[in-house]
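Excluded from the calculations below are hydrogen atoms, water molecules and symmetry mates; all remaining heavy atoms, backbone and side chain alike, are included.
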Amino acid sequence: MVKLILKGVMMGVANIIPGVSGGTMAVSMGIYDKIIHAATHIISEFKKSMKLLLPIVVGMLIGIVVLARILEYMFARVPFQTNMLFVGLIVGGLPAITKKVKGKTIRLGHILVCVLFFAVVAGLAMLGEQEGTAADLSFNVVNIVKLFGVGIVASATMVIPGVSGSMMLMLMGYYNPVLNTINDFIDSLVGFNVPGILDGCKVLVPFGIGVVVGIVAIAKLIEIIFQKFPEHAYWAIIGLIVASPVAIFLMNNMGVITVVSVLTGVVSLAVGVFISLKLGEE
């Protein structure tokens, strides 16, 4: 239970950092396929699915609510080391995936899929260097529909390893508005500010419903792909994971690079790999 919560924390933190994918973290922690199965069989296997999903969701909420501000401080003070930590967390998940294709014939289709998905993530990162115009979150029917749609797109990309949901929000201009709304909503809850809570719900409820719909829909599609084209799916994930560090360096501020920052960055990288390998153990 505790280990699942910790894995959820890592996924939650990953989902709020541009260039980092919650799906990639799930792969690194060794729970990606289990989450996909649980999400697509939540009705037929309700008890078993909730036993897995509930602690992960709790962990994600902790990661988003509690650690988001700590990470904000870390990115402001030691950006290079913090980014290297996440690179380590991602790279640490590669052995688990390469085992899936080890000893099997590598075909041209596998290489093409790997390269294609690498290019998609790297390309999105280059496009996402600047955030789109900040979205309008005023309460009306059109914006409610937009928020529902944005929630679907963001959650779908969060589920796909290597594709950053927060990066997609940045491209659509919703990243900072939604993140600020979440922080304001949390402050309102802590201060029992009822008007503030209601204002937050006007944005977060339609967005949240879209997130749930997107996760369920894309999870079913991914399950079908893994059933019909498992080797192609794993090679696609390898391409996405390898591209993720590239996306991190393209998307995020690295600060001033010095000899000390490089040395401590290497240590952060090693710590990230160690944590990923440990959490990925069965």
**Student:** Atom CD1 of Ile209 and atom CZ of Phe148: how far apart are they, to the nearest 0.5 Å?
**Tutor:** 7.5 Å
**Student:** State, with a plain yes or no, whether a side-chain heavy atom of Met11 is found less than 4.5 Å away from one of Ile31.
**Tutor:** yes
**Student:** So His37 and His41, would you call those rings parallel, tilted or perpendicular, with 30° and 60° as cut-offs?
**Tutor:** parallel
**Student:** Can you measure from CG (Asn83) to CG (Leu269) and round to the nearest 0.5 angstrom?
**Tutor:** 11.5 Å
**Student:** If I take atom CD1 from residue Ile182 and atom CG from residue Asp187, how far apart are they, to the nearest 0.5 angstrom?
**Tutor:** 12.0 Å
**Student:** For the residue pair His110 and Trp235, does the interplanar ring angle fall in the parallel (under 30°), tilted (30 to 60°) or perpendicular (over 60°) class?
**Tutor:** parallel
**Student:** Please say yes or no: joined through hydrophobic side-chain contacts below 4.5 Å, possibly via intermediate residues, are Leu240 and Ile111 part of one cluster?
**Tutor:** yes
**Student:** Test your reading of the model: is there a side-chain donor-acceptor pair from Asn143 to the backbone of Phe139, 3.5 Å cut-off?
**Tutor:** no
**Student:** Under a single-linkage definition using a 4.5 Å side-chain heavy-atom cutoff for Ile, Leu, Val, Met, Phe, Trp and Tyr, are Ile225 and Val216 assigned to the same hydrophobic cluster?
**Tutor:** no
**Student:** Is there side-chain contact between Tyr32 and Phe226, with at least one heavy-atom pair below 4.5 Å?
**Tutor:** yes
**Student:** Heavy atoms, side chains only, cut-off 4.5 Å: are Ile56 and Ile5 in contact?
**Tutor:** no
**Student:** Please answer: with hydrophobic residues joined when any side-chain heavy atoms are less than 4.5 Å apart, are Leu61 and Val9 in the same cluster?
**Tutor:** no
**Student:** Other residues, nucleotides and ligands only: do more than 12 of their heavy atoms fall within 6.0 Å of NZ on Lys48?
**Tutor:** no
**Student:** Kindly work out whether a path of hydrophobic side-chain contacts (I/L/V/M/F/W/Y, heavy atoms less than 4.5 Å apart) joins Met50 to Ile35.
**Tutor:** yes
**Student:** A quick test of your reading: do over 12 heavy atoms of other residues, nucleotides or ligands sit less than 6.0 Å from CD1 of Ile106?
**Tutor:** no
**Student:** Is any side-chain heavy atom of Thr258 less than 4.5 Å from a side-chain heavy atom of Val256?
**Tutor:** yes
**Student:** Should Ile241 and Ile238 count as side-chain neighbours, where that means a heavy-atom distance under 4.5 Å?
**Tutor:** no
**Student:** Please check this pair: side chain of Ser268 against backbone of Thr264, looking for a donor-acceptor N/O pair closer than 3.5 Å.
**Tutor:** yes
**Student:** Output yes when a side-chain donor or acceptor of Ser49 lies under 3.5 Å from a complementary backbone atom of Phe46, and no otherwise.
**Tutor:** no
